[in-house]
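I am attaching a structure below and will ask some questions about it afterwards.
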Amino acid sequence: MAYPAGGTDNILLITDSYKVTHHYQYPPNTTVVCSYFESRGGKFPSTVFFGLQYIIKRFLEGPVVTKEKIEEARDLYNAHFGHEYFNEEGWNYILENHDGKLPMRIKAVPEGSVVPYKNVLFTVENTDPKCFWLTNYFETLLVQTWYPMTVATNSRSQKEVIAKYLDETADSMDGLGFKLHDFGFRGSTSVESAGIGGTAHLVNFCGSDTITAITTAKRFYGCDMAGFSIPAAEHSTITTWGRDGEKEAFINMLTQFPNGPMACVSDSYDIWNACENVWGKELKDMIITRGQNGGVLVVRPDSGDPAEVVIKVLNILGNAFKTTENSKGYKMLPPYLRVIQGDGISYESLGEILEAMKSNGWSADNIVFGSGGALLQRMDRDTQKCAYKCSYAVIGGKEVNVYKNPITDVGKKSKKGRLTLEYENGKYTTVEEGKGNPTLDALVTVFENGKLLKDYTFAEVRENAELELRMQSGAL
Ligand SMILES: O=C1OCCC/C1=C\Nc1ccccc1
């Protein structure tokens with residue numbers, strides 16, 4: 001099934017220019033090239049593997065090589081190089097002998113798996129000896145899994161931080177799934193990347209304002225509704241009432257959304273006044289009554305030093321609405337009142353805020369976070385050092401273990417030979433040079449000769465990525 005494309009979906013053009021000249025550069029009689037993808041290390045010790053399925057479904061599945069695409073590519077590359085380097089014969093061979101389907105095999109660790117770095121995450125090889133040049137032609141596209149993987153990893157690391165504080169200061173972990181909301185659509189580089197990164201976040205959480213993540217998760221992971229949101233104000237819907245009209249704006253929010261959760265940004269002018277005098281006095285009874293109909297007011301600061309502002313807002317609201325003590329001995333606001341902090345949230349700042357709340361006696365259950373740029377954008381391929389390298393070839397019928405080992409960077413040393421990822425007693429081990437035990441190999445053949453062989457559901461992906469702590473706590 002072809003998936004609606006954006007940009008060019010001529011996969012002959014979705015590569016780096018130099019790769020168009022690489023079929024001239026391998027040794028004569030090369031018949032197999034096998035490459036692998038890994039995270040060599042980086043910010044987080046383990047990586048959530050996610051997003052290969054999107055690339056396979058969007059670009060690789062089915063008869064992706066056509067006469068028209070070959071001609072388009074030929075003309076473009078001839079103009080691009082000013083010379084006929086394009087492997088027209090090679091692509092025509094695929095069209096004629098494989099009905100335009102890619103004679104390639106991809107074996108990957110299941111989506112959502114959390115794998116310590118320096119382990120093989122997927123391998124790619126050609127399945128037709130004449131198409132040895134195909135394996136690394138697709139490096140460019142396949143390495144783009146770095147993005148959904150890194151978003152999912154960073155997002156999951158924040159889930160671990162929040163889970164720790166819920167475990168220490170909250171009655172349960174029940175609210176964990178909604179504790180980090182995706183605010184990142186506008187700060188993403190494109191609608192497509194917002195969809196990819198937003199879906200990666202939803203592997204770990206269920207709250208998002210990035211609508212293209214909902215559609216991406218549905219289209220590529222079969223999830224009907226991967227994320228949820230609630231009515232919320234933005235500054236314009238408060239400030240259009242005028243500085244003197246902030247109370248009226250707040251009353252309007254309470255009455256337009258009489259029950260369920262509703263978030264109201266309250267820092268347009270003076271957050272302290274808004275919390276102490278408007279929410280805490282003038283509208284206090286309305287909020288309590290609304291609470292009796294199941295309404296929850298989520299007060300939203302949106303400026304200042306996050307930890308400092310959150311503590312001050314909690315203290316002001318706590319004084320106005322009275323707090324209770326939960327089973328862990330930490331303060332809770334009444335059930336109809338919560339706080340959301342959506343400014344300056346990142347893996348680094350989250351811990352600071354939650355630690356400040358804890359040391360001020362506040363349960364992590366009182367707050368929800370929103371994150372934008374740090375969640376979907378503030379990362380690159382180097383954050384988890386994602387790389388694709390050739391490890392094995394067959395040349396003139398002889399097997400060759402291929403590797404690089406630069407004297408200028410031992411960290412860039414690559415793995416040799418046929419690789420397997422063995423999973424035993426909760427531990428991953430990459431076995432090189434074909435010495436692995438195939439029955440222990442965690443790599444699954446997900447793509448072969450144009451067919452997607454394993455279609456992970458989003459539920460499977462989420463389960464694979466679930467936290468240990470959460471599983472232990474039986475919150476599943
Ligand atoms: O501020 C924002 O920036 C951009 C993304 C959306 C957004 C806020 N949304 C929201 C959702 C649920 C509760 C509170 C706020």
Side-chain angles (χ1 to χ4, degrees), residues 151 154-155 158-159 162 175-202 204-217 225-240 246 249-250 252-254 256-269 271 274-275 279 287 290-291 294-306 309-310 313-314 317 333 335-346 349-350 353 364-378:
V151 171
N154 175 50
S155 160
Q158 293 178 84
K159 189 175 185 178
I162 298 168
L176 179 56
F178 288 94
K179 284 289 184 193
L180 183 61
H181 201 95
D182 179 354
F183 281 11
F185 200 164
R186 65 189 64 179
S188 294
T189 37
S190 68
V191 172
E192 180 182 8
S193 52
I196 295 167
T199 303
H201 170 65
L202 289 172
N204 305 300
F205 289 95
C206 306
S208 179
D209 266 33
T210 302
I211 296 297
T212 45
I214 307 300
T215 51
T216 301
M225 188 44 65
F228 302 90
S229 191
I230 64 171
E234 67 172 32
H235 286 102
S236 78
T237 64
I238 303 297
T239 55
T240 41
E246 190 175 45
F250 287 2
N252 182 62
M253 287 300 288
L254 293 171
Q256 294 288 351
F257 308 100
N259 46 46
M262 171 277 285
C264 189
V265 66
S266 304
D267 74 324
S268 301
Y269 311 105
I271 178 92
C275 290
W279 297 130
I287 293 165
R290 186 171 173 274
V296 180
L297 168 65
V298 186
V299 174
R300 180 173 170 205
D302 196 38
S303 50
D305 171 75
V309 168
V310 161
V313 164
L314 286 168
L317 294 175
L333 292 172
Y336 52 76
L337 190 56
R338 291 289 182 265
V339 173
I340 180 166
Q341 172 68 28
D343 177 60
I345 297 305
S346 66
S349 69
L350 205 51
I353 298 163
D365 239 349
N366 288 289
I367 195 164
V368 172
F369 299 99
S371 182
L375 188 73
L376 299 190
Q377 200 63 29
R378 197 180 304 152

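Both ligands and their constituent atoms are indexed starting at 1 by order of listing.
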Q.
Whether the side chain of S346 engages the backbone of S349 through a donor-acceptor N/O pair (distance < 3.5 Å, no angle test) should be reported.
A. yes
Q | Residues that D365 engages under salt bridge (charged side-chain N to carboxylate O under 4.0 Å, His left out), provided they are two or more places apart | A | K179
**Q.** Under 3.5 Å donor-acceptor, S371 side chain and I345 backbone
**A.**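 Judged by distance alone, yes, a pair lies under 3.5 Å.
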Q | Test salt bridge (charged side-chain N to carboxylate O under 4.0 Å, His left out) applied to D209 - qualifying residues, sequence neighbours left out | A | none
Q) Is any side-chain heavy atom of T215 closer than 4.5 Å to a side-chain heavy atom of T212? A)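 SC-SC contact between T215 and T212 confirmed.
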Q. Among all residues two or more places apart in sequence or in another chain, which pass the side chain to side chain donor-acceptor pair (under 3.5 Å) test with T240?
A.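 T240 satisfies side chain to side chain donor-acceptor pair (under 3.5 Å) with no residue once adjacent residues are dropped.
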Run through all N or O atoms in ligand 1 and write down each protein N or O closer than 3.5 Å, as a pair with its distance.
from	atom 1	to	atom 2	distance (Å)
ligand 1	1 (O)	R300	NH1	3.1
ligand 1	1 (O)	R300	NH2	2.7
ligand 1	9 (N)	D209	OD2	3.0

